Enquirer: 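Could you have a look at this structure, given as structure tokens, before my questions?
Please read all numbers here as calculations on a predicted model, not as lab measurements. Below, chain A is the first sequence line, B the second, and so on; all start at residue 1.
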Amino acid sequence: MFSFTFINFIILIYLLILVISALLAERWIKKKGNKSIVANPYIYSLSMAVYCTSWTYYGSVGIAAHNGMLYLGIYLGASLTILLYPWLLKHLISIKEKYHITSVADFIVARYDKSQALGVICAAFILVGIIPYIAIQIKSILDTVHILVTGLRPEISASSSLTDHYIVIVCIIVTIVFGLRKLDSSEKHPGLVFILAGESFVKLIALFTVGVYATYVLNNGFDSIFDNLQYVSGRGYNYMGHTTIYDFFTWCTYLLLSASAILFLPRQFQVAVVENYSKKHIKTSSWLFPLYLFLINIFVIPLAFTGLSQGFAIGLADSYVLLLPMKHAQNLLTLFVFIGGFSAAIGMIMIETVAVSTIVSNQLFLPLLHQFSSLNFLTKYTLRLRWFAAIVTIYTAYYYAWRVGPQYALVSMGLISFAAVLQFVPAILAGLFWKKANKYGAIAGISFGALIWFYTLFIPAFAKSGYFSPSIMIEGPFGLAWLRPESILGLGLLNPLSHAVFWTMFFNIGSLVIVSVLTKQSETEEKIVKSYEELLSDKPLFVEGTLNFDLLDINIPIQPKLRILEKVFQKYLIKEDAQLAIERITQELKIQDKELINIYMLSQLHDHAEKFLSGLVGTSVAFYSLENSDFFSPLERRELGDLFARLLAHMKVDPRELSAKLAELQYRQGQLEKDAQSLEVAMQKKSSELEEQKALAYQASKLASLGEVAAGIAHEINNPLAIIGSSAQIMENMMEKDNMDKEKFKSLTTNIKQTVQRASRIVQGMRNIARQSEVDLFEEITVADMLEDSTNLCTERFKSRGVELRIFADEKTLKTIIEVNRTTISQSLINFLNNAFDAIISKPEKWVEINAYSTNEFLRIKIIDSGPGISPELQEKIFQPFFTTKDVGKGTGLGLSLAVSFIKQHNGSVFIDNQNPHTCFVITLPLKHNS
Amino acid sequence: MLMKNKLKKLCRLAEFRICLFIFFLLLFLWPMIAVPNLQNVKLVFYWLYISWFALIAISFSCDILDCEKPGEDNQ
């Protein structure tokens with residue numbers, strides 16, 4: 001036994017540790033701006049373990065001692081729901097994030113038209129329904145304190161009320177300090193979540209330790225316990241209840257109740273949905289949380305068996321966990337077990353009271369205060385209203401534990417609350433997965449469910465405590481036996497809990513479905529349903545920040561809209577032009593073949609029409625013409641507004657912010673346009689510089705080509721000069737010898753004249769090539785002249801190096817008139833000839849052939865050399881600028897590319913004839929030039 | 001790798017979760033239906049706890065498949 005002062009001291013020390021931990025966690029988050037100390041999957045999963053209250057800690061052993069493995073139903077059902085967490089909880093969190101949901105009641109209200117009436121019903125029912133559950137925790141703390149102090153299991157009595165009040169006040173203070181210290185719009189309590197996780201760890205270790213002690217110190221392990229079970233039961237007790245249909249339904253009821261409670265108990269909703277930081281944590285919690293439940297329950301049967309085998313009365317089964325180490329004078333273990341039980345209870349009281357007081361203040365107090373203008377001033381004191389709600393909740397729970405508690409085991413009291421929470425499940429699931437569910441259905445369902453719950457579970461609890469005449473239980477109200485609370489319509493096959501669950505669900509689901517089918521949703525509710533549908537679908541309206549337009553309803557007939565546009569356009573255009581304009585707009589939008597369009601396409605159609613009209617009549621007239629045309633119906637305007645509102649909500653900006661951002665964007669666009677203009681000017685300047693450089697490069701190339709033929713030219717000029725020189729010498733000798741043979745003299749002067757003319761032609765050819773092509777004009781010359789211009793500059797060079805130049809052309813071809821730029825075409829041919837010369841100069845067989853043939857429309861010139869042809873790899877590159885196969889410094893790589901470029905200026909073409917065994921370039925030129 | 005991706009997709013399917021829910025529900029109901037008079041407490045105990053552990057193991061496997069490190073938070 002321990003003194004009350006010592007127990008009090010231990011409690012205070014433990015609470016102090018919790019306070020310091022919570023404050024340190026909150027300070028860490030504030031200082032580092034990093035929430036990872038709380039926002040991690042392990043803390044999230046451990047905080048969910050607030051599901052395991054003192055009911056689990058003490059009550060499971062109690063129910064195991066009475067009903068064998070029935071207690072497991074409360075955890076197996078929960079684990080089944082957790083299996084659905086990655087799917088179901090994800091949706092709940094998505095909705096919470098979108099609507100800033102702060103509680104389970106808020107969740108229901110948000111779906112059903114934000115109905116205040118529904119909020120009031122939910123809040124009132126939660127307050128009443130959860131009281132028994134909080135009462136369990138208070139009862140367990142009071143009971144265990146008294147056990148530690150007196151060594152007996154005391155009943156709560158007036159004589160101990162001072163101690164009880166002291167503990168209740170401690171519970172209230174701790175709850176307010178941890179959960180209701182300040183208002184936060186997110187309703188997240190990182191400090192509270194942190195200590196809930198810590199408490200979950202403490203209670204698990206404590207129960208595990210005492211379980212190991214009972215199983216392996218007081219017994220010889222699991223096998224020995226199972227072997228001896230039948231001896232402790234005494235009365236043929238089979239430790240699994242009885243295999244009747246009654247027990248089967250009880251088992252099913254436990255599974256059902258726990259499956260709903262794990263997610264929809266206010267505190268479970270608070271930790272799993274409201275306090276969630278990331279959806280990624282769900283996956284971890286889906287195995288870590290069931291593992292926790294598994295571990296905390298593994299020693300329940302051994303503890304129950306040991307309690308019974310140690311001779312404790314079965315009526316004390318709820319306290320076996322504490323009594324076992326106490327009996328064996330394990331004081332340290334006893335204190336540790338007490339701390340574990342205290343953790344389980346205080347954690348639940350804190351989070352449940354925070355959740356309930358938030359619901360009561362938001363859904364009950366504030367709406368009621370708004371109804372009475374004289375009480376409106378109280379709305380400023382929301383935080384204090386929550387404190388008041390917390391005080392009322394905890395004190396009412398204490399009162400319930402004091403007055404009703406002695407008649408019930410812990411488990412029975414908890415299950416009353418589970419059955420209350422179950423009444424919300426049909427409305428929640430229908431809200432998520434049934435489009436037609438509406439607020440009237442939800443109000444009817446929850447109200448009927450709550451009334452039947454009150455009648456079948458709450459009234460019997462008070463009747464058994466002496467608050468009502470027990471005759472109501474036996475004879476029914478007003479003597480109507482078929483209305484007995486625990487046997488409505490004589491349904492005695494089920495235990496009271498299963499009976500209550502059956503009838504509450506029957507009326508709840510029945511009225512929800514019937515009323516929803518018979519009544520209609522409001523327009524707002526329809527929008528909410530649509531929004532829920534989008535959130536729950538695998539194809540969200542926004543994908544990676546972009547609107548998924550395919551999901552918008554295609555339900556707007558396009559023809560009436562086009563007729564409106566046509567009418568507007570006809571104010572300013574003749575009918576045919578108006579129709580043509582509309583046709584173009586629909587083609588641009590790719591809706592010309594569609595009969596129905598969505599709201600987004602309709603707005604696009606409007607914008608395009610307005611832009612078109614603005615070009616005709618100015619923006620102002622265009623805007624008002626369309627504005628007055630009733631292009632958008634009122635419903636379409638709302639739909640469009642809603643779409644943009646959703647877009648803004650998705651972008652997380654308010655309209656003012658958007659407006660500021662647009663102004664900023666417009667400013668930036670202006671800046672960009674200016675920059676673009678400057679860039680354009682700079683580009684033009686650069687471009688003209690490049691053009692100049694290109695022209696210079698061409699000129700340089702031409703000069704380079706000229707250089708290549710310079711040697712030939714020297715020969716060409718040298719030869720006539722030699723002829724003139726020798727003729728002059730002969731004439732001089734003739735004059736010295738006075739031998740003035742007139743005929744010979746004339747022949748010599750004629751020879752000199754012809755030679756001078758030839759030299760003159762060579763010089764003219766050089767001048768032709770050296771001129772800039774831009775100033776040259778196309779002129780009509782004969783093919784013979786064209787070929788002569790080129791060959792004149794090569795003949796001597798070819799001859800001097802032993803290269804034979806052959807020209808094949810018929811008379812008709814030579815006389816054919818062709819319109820060419822004499823300079824560039826000559827240079828082209830020279831380049832081809834030079835290329836042939838360079839290719840064959842080192843070969844034993846050296847010849848170059850020019851083969852010309854004309855038709856009525858074009859001239860074809862083949863330049864063939866004695867080379868073996870060009871490989872396919874080289875053919876791809878040979879016309880590219882700066883490509884050369886010659887040694888470095890010997891070729892510019894521009895010759896052939898320039899030649900092709902000039903040919904193309906003549907609308908001609910060049911290709912390599914691969915059929916020819918030698919290298920053969922085929923040039924085709926039109927006879928008439930068409931610029 | 002292909003198998004892993006297929007399993008990953010399977011784990012994400014709501015239908016797969018619902019099938020698991022029904023499967024384990026039947027496992028949990030079985031002792032109440034099929035064990036005569038529930039005399040064999042040991043069998044029932046191990047049946048329920050092993051089924052429960054299998055449920056945890058499947059959930060754990062899905063978490064492992066769905067991300068490289070279990071419980072990793074990229075927030």
Enquirer: Tell me which of these, A:D223, A:L288, A:I282, has more heavy-atom pairs under 4.5 Å with chain B than the rest.
Expert: A:D223
Enquirer: Could you label the plane-to-plane angle of the A:W287 and B:F60 rings as parallel, tilted or perpendicular, counting under 30° as parallel and over 60° as perpendicular?
Expert: perpendicular
Enquirer: In terms of heavy-atom contacts, does NZ of A:K435 have more than 12 from other residues, nucleotides or ligands at under 6.0 Å?
Expert: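 Counting other residues, nucleotides and ligands, NZ of A:K435 stays at 12 neighbours or fewer.
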Enquirer: Enter the distance from B:L27:CG to A:L76:CG here, rounded to the nearest 0.5 Å.
Expert: 10.5 Å
Enquirer: Relative to each other, are the rings of B:Y49 and A:F294 parallel, tilted or perpendicular (30° and 60° limits)?
Expert: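 Perpendicular.
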Enquirer: Could you measure the distance from the NZ atom of A:K280 to the CG atom of B:D63? Nearest 0.5 Å is fine.
Expert: 12.5 Å
Enquirer: Nearest 0.5 angstrom please: B:F24 CZ to A:S79 OG, how far?
Expert: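 The CZ atom of B:F24 sits 10.0 Å away from the OG atom of A:S79.
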Enquirer: Grab the two heavy atoms, one from B:S59 and one from A:L83, that are nearest each other, plus how far apart they are.
Expert: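 Heavy atoms of B:S59 and A:L83 come nearest at OG-CD1, 3.5 Å.
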Enquirer: Is it the backbone or the side chain of B:Y46 that comes under 4.5 Å from a heavy atom of chain A, or both, or neither?
Expert: side chain
Enquirer: Between A:Y44 and chain B, which part of the residue has a heavy atom less than 4.5 Å away: side chain, backbone, both or neither?
Expert: neither
Enquirer: Picking from A:L255, A:I298, A:I82, A:L88, which has the most non-hydrogen pairs under 4.5 angstrom with chain B?
Expert: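 Ranked by heavy-atom pairs under 4.5 Å with chain B, first place is A:I298.
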Enquirer: Side chain of A:W87, backbone of B:I18: donor and acceptor closer than 3.5 Å?
Expert: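 Side chain of A:W87 to backbone of B:I18: no pair is present.
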Enquirer: Is it true that, when you exclude A:F502 itself, more than 12 heavy atoms of the residues, nucleotides or ligands shown sit nearer than 6.0 Å to its CZ?
Expert: yes
Enquirer: Does atom CZ of A:F433 have more than 12 heavy-atom neighbours, drawn from other residues, nucleotides or ligands, at distances under 6.0 Å?
Expert: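 It does: A:F433 CZ has more than 12 such atoms within range.
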Enquirer: Check whether A:P290 gets within reach of chain B through its side chain, its backbone, both or neither, counting any heavy atom under 4.5 Å.
Expert: both
Enquirer: Heavy atoms only: give me the nearest B:W52-A:N297 pair and the separation to one decimal.
Expert: CH2-ND2, 4.0 Å
Enquirer: Measuring heavy-atom distances to chain A, does B:I58 have an atom under 4.5 Å in its side chain, in its backbone, in both, or in neither?
Expert: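 Neither part, no heavy atoms under 4.5 Å.
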Enquirer: Could you walk me through whether A:F248 and B:L29 pass the side chain to side chain contact (heavy atoms under 4.5 Å, CB included) test, one step at a time?
Expert: CA-CA 8 Å; A:F248 177 72; B:L29 286 176; 4.2 Å; yes
Enquirer: Testing the basics here: between A:T81 and B:F21, what is the closest heavy-atom pair and its distance to 0.1 Å?
Expert: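 Taking every non-hydrogen atom into account, N-CE1, 4.1 Å.
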Enquirer: Below 4.5 Å from any heavy atom of chain B, which atoms of A:L72 appear? Answer side chain, backbone, both or neither.
Expert: side chain
